[in-house]
Amino acid sequence: MPHQYTPSPFMLETSHYDKAKADRAVAFIENLRHTKGKWAGKKFLLLPWQEQIVRDIFGIVGENGKRQFLTAYIEIPKKNGKSELAAAIALYLLYADNEPSAEVYGAACDRGQASIVFEVARQMVLMSPALLKRSKIAAAVKRIVNFSNAGIYQVLSAETGTKHGLNVSGLVFDEIHAQPDRKLYDVLTKGSGDAREQPLFFIITTAGMDKNSICYELHAKALDIKAGRKIDSAFYPVVYGLTEEDDWHNEANWHKANPSLGHTISLERFREAYKAALENPAEENIFKQLRLNIWTSAVKCWIPEQIYDQGNFPIDMDELCGRECYGGLDLSSTIDITAFVLVFPPRTEDEKYVVLPFFWLPKDTLNLRSRRDHVPYDVWEAQDYIRTTEGNVVHYGFIEKFIEELGKKYQIKEIAYDRWNATQMVQNLADLGFTVLEFGQGYKDMSPASKEFYKLLMEGSICHGGNPVLKWMAQNVVMRQDPAGNIKPDKEKSVEKIDGIVAAIMAIDRAIRNKNSASVYDGRGILVL
């Protein structure tokens, strides 16, 4: 073996390492030729990280001799040779996997992206007389036919409607972070390989920015498996990259994230990209995402994920019954998300502020919004994190009734609201006996409340139960700041909806003011309608 090999720690006790099968895959790939740059025409000698992947995927088999790993998720920064590896694996599945009538497909966010790996594979076949003599290449339709086993390697378009019924033996899914939703992934992986004994779904990507995407779902699953938090014996996780906590200025960390640094990537070129990131803040996120595989946001969000996640404690709903609490109401518009958040103040020094959010959307437009906004509103509705009202607008009467029922379960002392679009509902809530008060959305009211909310999150003094809708909104919040250092949530600059956080800030404000009536920033008083 050219490189020291230790089988994957995710190999089952009932599986074993078949060296002959692993050697066969390595030998096939290393007889292919590089297609680009200074390596063009030279044998594709696998780097240690690449050989580890190939030997694990093709060499680790179950008691029946079939591959243990059916899905491989490989997340790695750009320029580490991922396209060449993906192309080589696609060709192995087409020519050497002993699969009759092999059907290998290439997919990506669009046909152009999927064609990148195909083009590498096409060039590899052209440079291999042994493969070329048994092949037909149809470059115009992005297809390679293997006459010896009646197999094909075909690039797919991104439209999901035509992908049902495929009998997939191999799938190479490139840059899945750019997928607008999970539909193409689901169509190509859920049931499409059931007629095959050992289909392989090979997913290779750089990090992305959308943490509500199928890519981030797979990223999180891979990290959970690596950390032992989840078990999926058929899923092979590889993630090269840094976290937000890692020092991205440290060159040692560059090597940690880039196993091909110094081989396919010049260290000097890497240093040049780093200097450009230092000199131009706009380049920093690009450098972190593409060069270090850090999941970044397009803009700097106010609440870092690790700070928000400190509140992921389970909420004992039964224990909350009868307790005093304070509400925050952000109605937005009738076609958008309405948020109502209850905050239960601590009764002892050991307790935390409990945040209980509720969200509503119109039923008729839910699926359309999910597709258009690339946000899993439909999934959240199925999980009961979002409620819907009949029709294509939010029915405020339904929400009023819901809040009325909450008032029978909890002691809602006050409800703070953003006056925009709220006049009639506020009057109706007052008629039901609730104490309601207007909460200004300018710096005067929002700044002290926002700073206190963030302070409580930092201290770990808030429990929100890990509600995914509220978390999504927390990661969307961008703050506007005036010259005096006052802050307020900026709905225009925020990436997506933030209504739940605005409502939570208002409710936290009222809970703190009533718990500690001598607060230095309490000067507004209560307006009862």
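This chain uses plain numbering: 1 for the first residue, then up along the sequence. Keep in mind that this is a model prediction, so the values were computed, not measured.
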Using the ring of each side chain (for Trp, its six-membered ring), is Tyr236 parallel, tilted or perpendicular to Phe69, with breaks at 30° and 60°? tilted
For the residue pair Phe287 and Tyr274, does the interplanar ring angle fall in the parallel (under 30°), tilted (30 to 60°) or perpendicular (over 60°) class? tilted
Please check this pair: side chain of Thr388 against backbone of Lys363, looking for a donor-acceptor N/O pair closer than 3.5 Å. no
Mind checking whether Phe359 and Trp380 have ring centres under 6.0 Å apart? no
From the list Lys82, Lys79, Glu175, side chain to side chain donor-acceptor pair (under 3.5 Å) partner of Thr206 resolves to Glu175
In terms of the angle between their ring planes, are Phe344 and Tyr410 parallel, tilted or perpendicular, with boundaries placed at 30° and 60°? perpendicular
Establish, yes or no, whether a centroid distance under 6.0 Å links the rings of Trp360 and Phe402. yes
With the threshold set at 4.0 Å, does a side-chain nitrogen-carboxylate oxygen contact exist between Asp336 and Arg369? yes
Go through Cys463 and Val355 one step at a time and tell me if the side-chain contact (heavy atoms from CB on, under 4.5 Å) criterion holds. CA-CA 6 Å; Cys463 170; Val355 175; over 6 Å; no
Is any side-chain heavy atom of Leu242 closer than 4.5 Å to one of Lys256? yes
Taking the six-membered ring for Trp, are Tyr216 and Trp295 parallel (under 30°), tilted (30 to 60°) or perpendicular (over 60°)? perpendicular
Dump the intermediate steps for side chain to side chain donor-acceptor pair (under 3.5 Å) on Glu390 and His395, then the final yes or no. CA-CA 7 Å; Glu390 293 300 326; His395 195 290; over 6 Å; no
Decide if the gap between the ring center of Tyr73 and the ring center of Phe202 is smaller than 6.0 angstrom. no
Check step by step if side-chain contact (heavy atoms from CB on, under 4.5 Å) holds for Ile462 and Phe453. CA-CA 9 Å; Ile462 286 180; Phe453 179 69; 3.7 Å; yes
Could you tell me whether the side chain of Ile403 reaches within less than 4.5 Å of the side chain of Leu429, counting heavy atoms only? yes
Which residues share a side chain to side chain donor-acceptor pair (under 3.5 Å) with Lys409, sequence neighbours left out: none
Kindly state whether the ring of Phe235 and the ring of Phe10 have centres lying under 6.0 angstrom apart. no
More than 12 non-hydrogen atoms from neighbouring residues, nucleotides or ligands closer than 6.0 Å to CD on Glu459, yes or no? yes
As a quick check of understanding, evaluate ring pair (Phe, Tyr, Trp, His ring centres under 6.0 Å) for His464 and Phe313, giving each step before the final call. CA-CA 7 Å; His464 48 64; Phe313 300 100; 8.5 Å; no
